[in-house]
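Each chain gets a letter, A, B and so on, in the order its sequence line appears, and its residues count up from 1.
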Amino acid sequence: MFDLKGRVRSTYTDAREQLSARKDGMFEKADTKVLGTRRRSVGLMVAGVAALGTMFTMVSSNVMAVNFASSNNSYKIYTDRVIGQYAAGFINAQQKQNGTTPVAQIGFKQADLFGMCVIAQQDIVGLGTVSMVMTGGEPVNGTVTDPTKKISANELYIASNSLKGSGENISRMTLGQSADTLAMDTITSHRGAPGAFGLQAQLMQIGNLDADSYGIDLQGSINLPDLNIRVVPGVATKTSCTS
Amino acid sequence: MTTLPLSQRAADVAALLAALRWFRAFRRTRPFWGGLWLGLGGIWLLTFANMSIGLALGGGWNQSAAYVIGGGMLMFALTAWFAPFYSALVGFTGVLLALAAFVSVNLGGFLIGSLLGIVGGAMVWGWGEKKPRKQKAEAA
Amino acid sequence: MAASGVVYGTRWGRTNALVLIALLVIAGIVVAVKQQVIAANLVFQSSTSQLATSAIDGSDVGFGVVRMTRSTGSGGGTDVKNVLRGGFANGKLDGLCVSQVQSILGVNMTLKITAGDGVLGTYEIQGSNALFDIVSIRGTNGSNGSGINMDGRAQFGLAASDVTTTKTNGVFDINPLEADQGTGWFGIDADKGNLYNIRGTIYDGVIGGPFSLPNLSITVTPGTSGCDASPLPK
Amino acid sequence: MTGNRRRQRVLVLFALVALLVASTITTGGRDEPAHAAGACGPNDAYRSTLQLYGGAGTLRPCLSKVNINVGIPQSGQSHFFDIQKIRIIEDNVTLRYADGSTESNLKHITFESFNVRDNMTLTVDGPGYDVRMAPDAAAVIGGEGVNTDLWVTGDSFVTVSSIILFFGLCTTASVNLFSNLSWLLNGSSWTGCGMNLDVRFMAVYRPTGSTTGLFPIKLPNTTISVL
């Protein structure tokens, strides 16, 4: 006979004994040895922070590009002007941690941003709401002041339920194209459902853009001259971009 | 007013003390604080990207980077806690992951995740046997 | 190197357990991804968009019945629908609103694109080479003008393929409405078209030339409140 | 060297003169009917050549062979439209259509100053579709000082009344009879009771002066729909 009951019992007893022995060992170790973070940690910490600082400088001086992808539920994006080449958009339900929300999924094959300010909110237990303000390029104050600090993004996707700006120059725009036939020049992956509403444009230059976003996704890379990241308590507004 | 029998209260206090003693022993036998910061850094990256797993799987590296790097940091933190033997290895790798997060996961979760990871990873890496505490006490 | 009596090797019990867990995770991921694909298959509720504008001032205007290829929805197939395609070689608009109601997972949501400076009669939106695939359009009286008006020599009964709008180097382009050749496709040609207080149902709009959309706003809101529910954009 | 320069000057002068002449020729000439060359059959062979009334020009349209019904149903003695003059221009016209086919025995008529008060629906009866233009009430398909040239079938008819005729009662006249009645129709201004025209082609134009500015098509409060 296969004594299953006995085997389970013996395994259980073994495990208990082992655990108990381990616990005893832990207590013994805790009492006899002094273990802890040694001073050499500081060396690595300094080296790590220095490396981070170097990368930050490289990004903000336009040497290095970064990736960005988030479907956070509280983003505000501001820019003085965006010149988007090959744009496509369709309606979608953006998945969030707590359900879905309707958004327009707008993609640019290539986008030049004159100043960029991203404000992200995060609720932190014990701290309440904090806002992270990320700025790059020229100051976001409504007018293009320094075109040399242009931010270039490849394959930029924004999920937005509200996008406001001034359409300064738009060409070859199609409204109502079946969303499954959308294309951003050669990119055909940014598509919606067959028969659904789609928007496509070869050029979209929008000035003074304010967007409420539920997600930013950068398939390509972005350069962020004059990168600055600040944490502001509470809810930050557009004025926080320049102050 | 209900008063618990003295024996009952004593038992409670004893249980609490035992738990505290266990926690202290747990804390002292592993890179607890370093692991905590490293793990929180990983969790921060994950929550900040706020990506559904389906989206991450369908989206390629950009969407899944938060899962790979944030999840890696969390895993190394747990390894540091439950297998302190490897603390030097996982601590160092954790720092590297935190640095990688800056370029690939939303600027390291707006720097916060990267900083937590560097501090925590370094602490885990540097964890080990120190001079006995008693000597210190006697010297003082 | 191995100590005598100790046999090293793959411990199959543990390995199998890990392999099993890994396979389960992969299966779970596959299921999750599949659900994602299903979730992305939106229910196609309305195939037409609402259009509204206070005024259109167009030159070299033409209308023609054309066969538009339309998606049939979930299957990804297409069918053909007759629409009245309106073409404007050059045009100015006094406000613009295009909206589309779409049902996603049983929830109605409305995409609304609006532009305009809010002042009647300024014609702040300027563009060229615009086409609209019209199902119905209605122009009404207002303080700025009334209804649908055409100027110049208006011709009714042309073949849609003979309607002219845009020019290249001063010569009219052939078949700018991209209509079918031959008979059966009705067309109207006029030199100028002034349309006031327009509300319509369209399948699509294609605007070729460079144009501006001041105060552009693209919003997506739950519900079915489109251009019809709001006053004419100015 | 000087000879070279002189030749250059002559050339420039010649080019300037040529430009001036060319610009006067193009702007001074009467507006040609707007159509794209080569859009209608081989070498545009399927275009019809149509003379507008009163020497107002020649049109070379590519025709769709789709019937346009201009319908104003009669309702007792109600007056729904006004026409200054009704003329028959050609009694037996043959139209060529975009596919090369032809239709004979059509009539070319023209309305002078056609104004609609109410009750008109313009229905385009295409294969597999209808386009309906339905003004709520008043509409102008022509208007003051504008001619409305229509190429219609012979069994089309207008129902009109005039104070000097039939005691002002509504009287129907088929287009087939227009040539016999031309002395009458041409003469007075008509108040319309009803109309049912099967139109193959319609051109609305100002006979003299500038072609633009009058807006001969006015459709206030009108719905245009594809059915």
Fill in the blank from the handout: From the list C:Val220, C:Val101, C:Thr110, side chain to side chain contact (heavy atoms under 4.5 Å, CB included) with A:Ile91 holds only for C:Val220
Handout entry: Spacing of CE belonging to A:Met173 relative to CD1 belonging to C:Ile113, to within rounding of 0.5 Å
Key = 6.0 Å
Practice task
Check C:Ser212 against A:Glu168 and note the closest heavy-atom contact, atom names and distance.
Solution key: CB-O, 3.8 Å
Problem - C:Gln100 (side chain) donor-acceptor with A:Gly176 (main chain) under 3.5 angstrom - result: no
Handout entry: From C:Asn215 atom CG to A:Asn208 atom CG, the distance as rounded to the nearest 0.5 Å
Key = 10.0 Å
Problem - Segment of C:Leu131 engaging chain A (4.5 angstrom heavy-atom cut-off) - result: neither
Practice task
Mind checking the CZ-CG spacing from A:Phe197 to C:Asp204? Nearest 0.5 Å is all I need.
Solution key: 9.5 Å
Practice task
Could you tell me which portion of A:Leu209 (side chain, backbone, both or neither) has an atom closer than 4.5 angstrom to a non-hydrogen atom of chain C?
Solution key: neither
Completion exercise
Turns out that what part of A:Thr181 lies under 4.5 Å from chain C's heavy atoms comes down to neither
Problem - Point-to-point distance, once rounded to the nearest 0.5 Å, from CG of A:Asn161 to CD1 of C:Ile218 - result: 12.0 Å
Completion exercise
Value for OG (A:Ser166) from CG (C:Asp117), rounded to nearest 0.5 Å, stands at 10.5 Å
Handout entry: Distance (rounded to the nearest 0.5 Å) between C:Leu213 CG and A:Ile206 CD1
Key = 8.5 Å
